[in-house]
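Nothing here was measured: the structure is a model prediction, and the numbers come from that model. One-based numbering along the sequence shown. The basis for the numbers below is simple: all heavy atoms, side chains too, and nothing from hydrogens, waters or symmetry mates.
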Amino acid sequence: MRVLRSILRVVFVVLLLGAIGIGGYYAYSFYSFTSKIQQPGTATSLPEWTGKERVNILLMGVDKRENEESTRSDSILVASIDPETKKAQLFSILRDSWVEIPGYRKSRINTAYEVGGPELMAQTVENLTGLPIQYYVTTDFKGFEKVVDALGGVDLYVEKDMEYYLYEENGYYDIILKKGQQHLDGRKALQYARFRHDKMGDFSRTERQRKLLKALAEQATKSTSIWRIPSVLEAVSPYVTTNMSSSDMLRLANLTYKLDVTHLQTEQIPPANILREKTVNGAQVIDPRPERTQEYIRELLENPLQNQTDETGADEKKAMKGSTN
């Protein structure tokens with residue numbers, strides 16, 4: 001059976017949104033990380049983000065295995081930031097969404113990365129969500145593990161026993177977690193984010209990914225983590241690809257410094273009350289109904305927090321109902 005792909009997380013969002021509370025020391029570290037640009041002035045100053053339009057950043061986790069010719073993006077998220085209100089949303093896109101891929105054909109959305117790389121994926125996500133994607137960031141398994149370990153791990157409540165074996169790479173892809181409050185290192189956090197072997201599959205997995213992301217972002221702001229930021233940046237840099245310039249990174253760091261990550265709004269795309277499940281060529285996929293999904297996103301951004309999903313399990317309940325509509 002083909003290996004079930006997984007999450008490869010939101011390393012950049014953790015760094016970007018985790019900038020809150022880190023202050024001048026973070027700014028200095030970020031400046032060193034993003035290369036030599038214009039005279040920075042002082043170590044505690046960052047260039048201002050002067051744009052008024054919403055900023056949308058596509059975050060992709062890719063799983064490139066040895067001896068494989070192709071790579072798909074199996075974690076797809078959009079971080080959307082309003083520079084004027086200083087509010088942000090994080091959308092996780094179900095990878096089985098059946099969409100038009102520009103210049104290709106209809107397929108699962110994660111196929112866009114395989115046939116056209118991050119640029120085609122960005123265009124495909126734009127068409128689905130209606131959000132203009134200005135930037136993209138790509139990372140892999142190792143990048144995710146490295147950033148979690150560099151932060152000293154993450155405290156998280158694991159809601160159920162999770163067990164799955166692939167018997168590959170000396171057990172690297174096996175998932176073994178016990179229910180309860182846990183302190184997860186990078187490898188265990190990756191297992192939590194990858195697990196999809198329950199009745200709700202990718203629905204519950206994307207909910208767990210959002211939960212983990214928020215925990216990581218909060219972990220990054222703890223006083224005990226401030227001094228870990230340089231090692232986080234150093235650890236993750238070999239595993240991240242982006243179309244952002246160094247100056248864009250610095251300006252976005254300054255923008256996200258002003259956000260409150262504890263109130264980061266997270267949503268599944270397509271939302272459970274809109275999507276429909278269907279079968280194409282014998283395979284089960286998701287019809288995201290793009291027009292209705294785009295309308296939902298527009299309303300949500302105009303009235304943030306009014307329609308936010310309950311992260312305690314409402315996604316699963318809605319998904320079961322939505323799939324029968």
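- Rounding to the nearest 0.5 Å places NZ of Lys106 at 13.5 Å from OG1 of Thr111.
- Taking CD1 from Ile176 and CZ from Phe195, the interatomic distance works out to 11.5 Å, rounded to the nearest 0.5 Å.
- Distance alone, capped at 3.5 Å, places no donor-acceptor pair between the Ser97 side chain and the Ile109 backbone.
- Residues Val285 and Val115 fall into different hydrophobic clusters, defined by Ile, Leu, Val, Met, Phe, Trp and Tyr side chains chained together at heavy-atom separations under 4.5 Å.
- Distance CD/Gln268 to CG/Leu77: 11.5 Å, rounded to 0.5 Å.
- When atom types are taken as modelled, the side chain of Lys178 and the backbone of Val158 share no donor-acceptor pair closer than 3.5 angstrom.
- Closest non-hydrogen pair, Pro102 versus Leu120, comes out as O-CD1, 3.5 Å.
- Leu300 has its side chain within reach of Phe91: a pair of non-hydrogen atoms, C-beta onward, lies under 4.5 Å apart.
- Using modelled atom types, one finds no donor on one side chain facing an acceptor on the other under 3.5 Å when comparing Thr124 with Asn127.
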Would you check, one step at a time, whether the test side-chain contact (heavy atoms from CB on, under 4.5 Å) holds for Gln284 with Glu277?
CA-CA 7 Å; Gln284 190 172 42; Glu277 294 181 348; 3.3 Å; yes

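- Side-chain atoms of Leu252 and Met244, non-hydrogen and from C-beta on, do get closer than 4.5 Å to each other.
- Remark: Glu84 does not engage Arg54 in a salt bridge, criterion side-chain N to carboxylate O under 4.0 Å.
- The closest side-chain donor-acceptor pair between Gln89 and Glu267, if any, does not fall under 3.5 angstrom.
- Across all non-hydrogen atoms, the minimal contact from Ala112 to Ile101 is N-CD1, 3.7 Å.
- Of all non-hydrogen atoms in Gln134 and Pro132, the two that sit nearest each other are OE1-O, 3.2 Å.
- Ile286 and Trp98 fall into different hydrophobic clusters, where Ile, Leu, Val, Met, Phe, Trp and Tyr are joined by side-chain heavy atoms under 4.5 Å apart, directly or via other members.
- Under 4.0 Å is where a charged nitrogen must lie from a carboxylate oxygen, and between Asp96 and Arg108 at least one such pair does.
- No donor-acceptor pair closer than 3.5 Å links the side chain of His183 to the backbone N or O of Leu156.
- Under the 4.5 Å side-chain criterion, counting only non-hydrogen atoms from C-beta, Pro118 is in contact with Met60.
- The structure places CG of Leu184 at 11.0 Å from CG of Asp149, a figure rounded to the nearest 0.5 Å.
- Looking at heavy atoms from C-beta onward, Leu177 lies out of side-chain contact with Asp161 at the 4.5 angstrom threshold.
- The closest side-chain heavy-atom distance from Pro271 to Thr293 is below 4.5 Å.
- Around atom CD of Glu291, no more than 12 heavy atoms belonging to other residues, nucleotides or ligands sit under 6.0 Å away.
- The hydrophobic cluster containing Leu90 also contains Val55, counting ILVMFWY residues as joined when their side-chain heavy atoms lie under 4.5 angstrom apart, directly or transitively.
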Intermediate values then yes/no, side-chain contact (heavy atoms from CB on, under 4.5 Å), Arg208 and Met162
CA-CA 12 Å; Arg208 279 191 288 271; Met162 299 179 185; 3.5 Å; yes

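- Residues Tyr157 and Lys179 are in side-chain contact: their nearest non-hydrogen atoms beyond the backbone lie under 4.5 Å apart.
- Among Asn56, Leu58, Val125, the one residue that satisfies the side-chain contact (heavy atoms from CB on, under 4.5 Å) test with Leu131 is Asn56.
- The line from CE of Met121 to CD1 of Ile93 is 8.0 Å long, rounded to the nearest 0.5 Å.
- Within 6.0 Å of atom NZ in Lys278, more than 12 heavy atoms from other residues, nucleotides or ligands are found, so the atom counts as buried in its surroundings.
- Side-chain atoms of Leu94 and Pro270, non-hydrogen and from C-beta on, do get closer than 4.5 Å to each other.
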Worked verdict on Arg289 versus Arg276 for side-chain contact (heavy atoms from CB on, under 4.5 Å)
CA-CA 8 Å; Arg289 304 165 79 184; Arg276 287 179 175 170; 3.3 Å; yes

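- Checked by atom type, the side-chain pair Tyr113/Glu119 shows no donor-acceptor distance below 3.5 Å.
- Hydrophobic clustering (ILVMFWY, side-chain heavy atoms < 4.5 Å, transitive): Ile274 and Val99 are in one cluster.
- Residues Tyr165 and Glu163 bring a donor and an acceptor atom of their side chains to less than 3.5 Å of each other.
- Within the 4.5 Å cutoff, the side chain of Val78 has heavy atoms near those of the Ile133 side chain.
- A salt bridge links Lys211 with Glu159: the closest approach of a Lys/Arg side-chain nitrogen to an acidic carboxylate oxygen falls below 4.0 angstrom.
- Taking all atoms of both residues into account, the shortest heavy-atom contact from Leu212 to Ala189 is CD2-O, 3.6 Å.
- Atom CD of Gln294 sits about 12.5 Å away from atom CD of Glu299, to the nearest 0.5 Å.
- Taking 4.0 Å as the cut-off between side-chain N and carboxylate O, Asp248 and Arg251 count as a salt-bridged pair.
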